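Just follow the structure's listing: the first ligand is 1, and inside any ligand the first atom is 1. Computed from a prediction, not measured in an experiment: that's the story for all the values here.
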Amino acid sequence: MFSLNRSAFLNNPASISGSFPDKHRRILPTRVVVAGSSNRDKSNGSLLMATDESTATLKEMRDGYAEVVDPKSGVSGGVQDVYGEDTATEDQPVTPWSVSVASGYSLLRDPHHNKGLAFSEKERNSHYLRGLLPPTVISQELQVKKMLHNIRQYQVPLQKYMAMMDLQERNQKLFYKLLIDNVEELLPIVYTPTVGEACQKYGSIYSRPQGVFISLKDKGKVLEVLRNWPEKNIQVIVVTDGERILGLGDLGCHGMGIPVGKLSLYTALGGIRPSACLPVTIDVGTNNEKLLDDEFYIGLRQKRAIGQEYAELLHEFMTAVKQNYGERILIQFEDFANHNAFDLLEKYGTTHLVFNDDIQGTASVVLAGLISAMKFLGGSLADQRFLFLGAGEAGTGIAELIALEISKQTNMPLEETRKKIWLVDSKGLIVSSRLESLQHFKKPWAHEHEPVKELVDAVNAIKPTILIGTSGQGRTFTKEVVEAMASLNEKPIIFSLSNPTSQSECTAEEAYTWSQGRAIFASGSPFDPFEYGDNVFVPGQANNAYIFPGLGLGLIMSGAIRVHDDMLLAAGESTSF
Ligand SMILES: O=C([O-])CC(=O)C(=O)O
Ligand SMILES: [Mg+2]
């Protein structure tokens with residue numbers, strides 16, 4: 001049962017785009033019936049919006065046409081195109097906004113409200129479901145049991161992922177119940193590592209669109225695109241341009257799996273309503289030749305737009321988001337390439353409620369891990385020497401937050417605390433002689449030292465107590481590197497953070513074996529517990545999933561309009577144990 005709210009669309013002139021030719025009228029109004037006083041309306045009472053008195057009451061709808069009931073006499077007869085309204089003519093623009101209440105067949109196909117076999121007898125009666133479901137009524141508990149059983153039958157993680165996505169599109173309540181009750185088992189499916197594989201194969205496994213796609217083709221129309229999304233009260237957007245998906249590189253439009261996965265955790269771990277979450281992928285092309293040649297690729301087939309063209313689309317998006325959802329909408333930047341990630345954060349950090357998950361969320365969770373590790377190690381962060389492999393978003397973001405925390409703990413100036421932290425990039429140790437040629441976000445880390453090319457030599461030269469991998473390059477913490485850490489430290493702290501598992505700098509097994517069980521290890525993607533000698537080591541997971549759902553919830557609940565470093569420090573400190 002549906003109602004057409006005239007004032008809603010009359011108040012929304014921006015979306016009026018012209019009159020609908022007859023052929024469209026036949027199709028579009030099938031979602032709409034003007035609210036009336038039939039029994040059906042009463043059963044759905046509170047959700048229906050009263051319409052203007054002068055609007056004829058319609059009680060039946062067939063193929064876009066509805067039977068007219070005169071509101072005064074109650075006499076029915078004739079049909080009226082519900083878009084026609086009493087004053088509309090062919091030349092008058094109409095906008096098909098509606099407040100709708102799903103029932104019957106369409107309710108079973110509405111993932112937000114569908115409960116499948118868990119619809120009670122009463123619900124089946126009042127929502128016109130009788131006969132559309134088999135007679136049995138089962139509990140949600142039993143539905144969870146069945147889904148879990150089915151998912152466990154699949155040997156291949158990608159099949160489990162597809163089953164989960166299918167469920168999310170079919171029965172959202174059950175999807176979240178299943179995920180929340182079995183988060184340890186299912187997080188590696190809807191999130192890293194499996195979501196990485198899903199993005200790589202997104203075109204082949206694509207069946208239904210998820211989230212909002214904004215491409216270069218939509219330039220000048222981004223606000224309209226956002227208004228096409230059915231939910232209006234959005235509180236959080238996760239947006240990517242797909243250029244650096246996990247450690248897998250440029251996956252273009254196939255990056256959509258990431259905002260979808262991240263937002264499912266906003267709900268499952270942060271408790272944000274699913275309808276308040278909007279996944280967005282901005283498609284400016286891809287430089288991934290394999291994808292450009294892939295017949296199943298779902299994005300624009302062109303090289304990435306850069307410079308002004310890129311900046312303009314992003315700016316239109318950022319402006320439209322605020323215009324449409326207000327000052328308090330939270331925007332999480334996700335998996336942008338370094339050059340854009342830092343620029344976007346700087347540009348919009350002072351005008352929007354934004355944070356970059358890869359720079360700031362990851363920094364916060366690693367801070368939590370390091371504060372916790374100090375309990376095993378003794379001493380404080382200020383006593384440590386840090387070496388990073390990888391000087392991109394995560395590397396420099398973590399480095400900066402550690403420097404801030406040490407500065408906060410010791411009152412040392414930030415310039416001094418930064419000197420405890422060294423970074424290695426693809427050209428070797430970042431040192432002052434390289435200053436001129438460094439990208440701006442690397443410059444604060446160019447300390448006095450002679451050049452060092454190889455990681456293992458940097459380990460031996462800097463003698464770090466903590467080694468952190470943020471390189472996006474798998475198996476770069478070689479046996480030699482881990483052994484060097486183990487020879488320098490009684491308890492070497494080794495975090496290999498790159499995702500998914502294939503890109504991890506070393507495995508848990510390697511870290512424990514090569515350090516003879518002495519490493520304090522954490523990774524970005526999960527590793528199973530590992531038996532070594534008489535001990536079972538349970539690797540820590542330092543993934544920003546431990547931060548962003550709670551941080552986002554805090555930002556939303558507090559009504560914050562900007563994200564500040566203190567918030568990230570507080571998130572890291574409170575996540576430590
Ligand atoms: O998504 C994850 O698992 C963590 C993350 O942000 C990344 O690796 O880019
Ligand atoms: Mg990320």
Side-chain angles (χ1 to χ4, degrees), residues 157 161 183-184 186-200 202 236-251 254-266 268-270 279-282 331-338 340-342 344-345 354-369 388-398 401 468-474 476 495-505 522-527 539-552 568 571-572 575:
Y161 175 88
V183 76
E184 267 188 59
L186 295 176
L187 205 63
I189 303 301
V190 300
Y191 194 61
T192 187
T194 311
V195 71
E197 189 186 353
C199 288
Q200 289 176 305
Y202 204 77
V236 53
I237 289 175
V238 177
V239 57
T240 188
D241 72 355
E243 190 166 5
R244 197 237 72 195
I245 293 300
L246 308 177
L248 300 170
D250 184 353
L251 297 185
H254 287 182
M256 181 55 106
I258 295 294
V260 168
K262 294 266 173 188
L263 283 165
S264 68
L265 303 194
Y266 263 95
L269 306 178
V280 175
T281 292
I282 299 197
I331 304 169
Q332 173 170 326
F333 290 125
E334 193 69 52
D335 292 6
F336 285 77
N338 289 330
N340 291 322
F342 288 103
L344 289 170
L345 189 59
V354 292
F355 72 95
N356 181 300
D357 190 36
D358 304 294
I359 301 173
Q360 297 167 295
T362 305
S364 208
V365 74
V366 171
L367 180 63
F388 285 77
L389 178 65
E393 294 157 63
T396 60
I398 300 165
L401 204 66
I468 297 178
T470 52
S471 63
Q473 308 291 317
T476 36
F495 286 2
S496 59
L497 299 178
S498 295
N499 297 308
T501 319
S502 59
Q503 309 311 106
S504 188
E505 282 77 6
S523 55
S525 298
F527 281 104
Q541 195 183 351
N543 188 294
N544 48 37
Y546 287 91
I547 294 293
F548 67 78
L551 177 67
L568 300 164
T575 306

Chemist: Around atom 4 (C) of ligand 1, find the nearest protein heavy atom and jot down its residue, atom name and distance.
Modeler: Asn499 ND2, 3.2 Å
Chemist: If you measure every N or O of Glu334 against every N or O of ligand 1, does any of those distances drop under 3.5 Å?
Modeler: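 Among all N and O atoms of Glu334, at least one is under 3.5 Å from an N or O of ligand 1.
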Chemist: By atom name, which N, O or S atom belonging to Asp358 lies closest to the Mg ion (ligand 2)?
Modeler: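 This turns out to be OD1.
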Chemist: Thr240 and Asp335: which non-hydrogen atoms are nearest, and at how many Å?
Modeler: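 Scanning both residues, the minimum pair turns out to be OG1-O, 3.4 Å.
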Chemist: Report the part of Asp357 (side chain from C-beta onward, or backbone N, CA, C, O) that has a heavy atom under 4.0 Å from ligand 1; answer both or neither where that applies.
Modeler: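 The answer is the side chain of Asp357.
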Chemist: May I ask you to identify the nearest protein heavy atom to atom 1 (O) of ligand 1, giving residue, atom name and distance to one decimal place in Å?
Modeler: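 It is Lys262 NZ, 3.0 Å.
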Chemist: Looking at Asp335, which of its N, O or S atoms is the nearest one to the Mg ion (ligand 2)?
Modeler: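 Relative to the Mg ion (ligand 2), the closest nitrogen, oxygen or sulfur of Asp335 carries the name OD1.
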Chemist: Can you pull out the closest protein heavy atom to atom 9 (O) of ligand 1? Residue, atom name and distance to 0.1 Å, please.
Modeler: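 Residue, atom and distance for the closest contact: Arg244 NH2, 2.5 Å.
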Chemist: For atom 2 (C) of ligand 1, grab the closest protein heavy atom and report residue, atom and distance to one decimal in Å.
Modeler: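 Here the closest protein heavy atom is Tyr191 OH, 3.3 Å.
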Chemist: With side-chain contact (heavy atoms from CB on, under 4.5 Å) as the test, pick out the partner of Gln503 among Thr192, Thr476, Leu248.
Modeler: Leu248
Chemist: Where does Ile258 meet ligand 1, judged by heavy-atom distances below 4.0 Å: at the side chain, the backbone, both, or neither?
Modeler: neither
Chemist: Which N, O or S atom name in Glu334 marks its closest approach to the Mg ion (ligand 2)?
Modeler: OE2
Chemist: If you look at every heavy atom in Gly270 and Pro549, which pair is closest and at what distance?
Modeler: N-CB, 3.8 Å
Chemist: Side chain, backbone, both or neither: which part of Asn543 comes within less than 4.0 Å of ligand 1 when only heavy atoms are counted?
Modeler: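 Only the side chain of Asn543 comes within reach of ligand 1.
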Chemist: Indicate, as side chain, backbone, both or neither, the part of Asn544 found under 4.0 angstrom from ligand 1 when only non-hydrogen atoms are considered.
Modeler: side chain
Chemist: Testing the basics here: between Asn499 and Gly524, what is the closest heavy-atom pair and its distance to 0.1 Å?
Modeler: OD1-C, 3.0 Å
Chemist: Of all heavy-atom pairs between Val190 and Val195, which one has the smallest distance, and what is that distance?
Modeler: O-CB, 3.8 Å
Chemist: Between Leu497 and Glu505, what is the shortest heavy-atom contact and its length?
Modeler: N-OE1, 3.2 Å
Chemist: Which atoms from ligand 1 have a heavy atom of Asp335 less than 4.0 Å away?
Modeler: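 Here the atoms of ligand 1 in question are 9 (O).
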